[in-house]
Amino acid sequence: MNQTKRQELILDLVKINGEVTTKELADELSVSMMTINRDLKELAKWEEIQLVHGGAIYREDASLENPISIKEEVSIYEKKMIAKFCRTLVKPGSSVFIETGTTTLAVARELFNIENCQFYTNSLLVMNSLAKFEDIQLHCVPGKYRDLSKGFLGLETSDFVKNFNFDIAFIGTEGITVNSGITLPNGEDAFTKKNIMKQSRKNVLVADHKKFGLSYLHKVGEITDFDMIVTDLESEQPVFKEINQLTNIKSVRKEEIKNEH
């Protein structure tokens, strides 16, 4: 198979699957991982795919944001292990802010029964999930509803949270790079997260490995603005080591994820 045909097939595979790993492609096409990496770099020039650590994802339009319903089906076990670790960060009696997103939703489901905590959220999904539990101190934060985020955002949200000082906030994101920082496709979402972070003593970014290497227009902040990043990204990855020089980054163990299956 010549290079052109191979790259056409790679592009088709990325489109169909949404994401691919270099190893999977090398095995599928019976070529070296070095060859696949060269092909992916060529294809990335056309902006239909975006390179991520260990492979590529399909990005027909980098400004588009997937609905929450799709995000909920991605990296389920990884998000669960991220959430389990986050439970160890919350002391009984804490005031906890849980922001919008599917990884933060997983965190909420792990934290709900920590004794005497006050939970605040602008996420409709978190509200619906935690409201079914008795004896929980749960507060809904107002704002303009955004369907893609399934949450309440904007000036009203930001003005409301100025009345509080949270012990810890769990924040999600769509993109993380060392140079671009923490970014999102939506400006109102980024604005809201910034203001929530200002009112929290400790800010924890929760993100699965697919978020690393992606960059969007609207900036939440620098990596150094977060006290900790909790992720399933392998600690051997170069970007993990780079980030670890800037802030505390914790990788949940792959063995634990496998044991959940």
Side-chain angles (χ1 to χ4, degrees), residues 68 72 75-143 149-153 157-173 182 192-208 220-221 223-233 235 243-244 247-257 259-260:
I68 287 283
E72 279 192 280
S75 303
I76 294 171
Y77 293 106
E78 289 85 346
K79 290 172 183 175
K80 187 172 182 180
M81 294 316 304
I82 288 169
K84 282 182 178 294
F85 177 81
C86 287
R87 183 181 173 90
T88 69
L89 303 177
V90 179
K91 298 176 182 178
S94 297
S95 55
V96 183
F97 198 102
I98 304 171
E99 234 273 333
T100 58
T102 55
T103 310
T104 48
L105 174 61
V107 171
R109 289 169 174 163
E110 287 292 331
L111 303 184
F112 75 92
N113 59 356
I114 298 178
E115 192 175 25
N116 296 325
C117 283
Q118 297 266 359
F119 294 101
Y120 293 79
T121 186
N122 62 329
S123 166
L124 183 61
L125 294 180
V126 172
M127 280 297 301
N128 288 340
S129 182
L130 298 194
K132 63 186 75 168
F133 300 110
E134 295 181 3
D135 301 322
I136 186 171
Q137 299 181 73
L138 181 61
H139 306 265
C140 183
V141 175
S149 302
K150 288 289 187 288
F152 304 94
L153 311 172
T157 308
S158 299
D159 286 343
F160 183 84
V161 298
K162 287 177 183 176
N163 297 302
F164 301 90
N165 291 303
F166 307 108
D167 291 315
I168 188 167
F170 293 96
I171 309 291
T173 187
I182 313 305
T192 305
K193 290 185 196 304
K194 281 182 191 176
N195 284 285
I196 291 166
M197 289 171 62
K198 289 176 184 176
Q199 304 306 126
S200 177
R201 294 185 182 92
K202 185 173 185 176
N203 289 299
V204 178
L205 186 72
V206 291
D208 67 73
V220 177
I223 286 169
T224 50
D225 292 329
F226 290 85
D227 300 283
M228 179 178 282
I229 297 174
V230 185
T231 179
D232 65 303
L233 181 72
S235 56
I243 291 172
N244 204 30
T247 193
N248 186 12
I249 179 169
K250 166 68 180 178
S251 176
V252 295
R253 286 168 36 205
K254 290 291 183 182
E255 299 82 44
E256 291 175 341
I257 294 170
N259 290 337
E260 289 291 319

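Everything numeric here is computed off the predicted structure, so don't read it as measured data.
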Would you indicate whether the side-chain heavy atoms of [Y] and [X] approach each other to under 4.5 Å?
X	Y	result
V220	M197	yes
V90	C117	yes
D232	Y77	no
M81	K84	yes
H139	F160	no
S251	L233	no
K79	V206	no

Quick check for you: to the nearest 0.5 Å, what is the distance between [X] atom [atom1] and [Y] atom [atom2]?
X	Y	atom1	atom2	result
L105	K150	CG	NZ	12.0 Å
C86	K250	SG	NZ	11.0 Å
I229	N248	CD1	CG	9.0 Å
I223	N244	CD1	CG	11.0 Å

Considering all heavy atoms, the nearest [X]-[Y] contact:
X	Y	value
I82	A207	CD1-O, 3.7 Å
T192	F152	CG2-O, 4.4 Å
E99	I196	OE2-CD1, 3.5 Å
D225	G221	OD2-CA, 3.3 Å
I168	F170	CD1-CZ, 3.6 Å
S129	R109	OG-NE, 3.3 Å

Side-chain donor/acceptor of [X] to backbone N/O of [Y], under 3.5 Å:
X	Y	value
N203	D227	no
S200	A169	yes
T104	I171	no
T121	S123	yes
N122	G151	no
T157	P142	yes
E115	P92	no
T103	G172	no

If you count the non-hydrogen atoms of other residues, nucleotides and ligands that lie under 6.0 Å from CG in N163, is the total more than 12?
-> yes

Please work out whether the ring planes of Y120 and F164 are parallel, tilted or perpendicular, with thresholds of 30° and 60°.
-> tilted

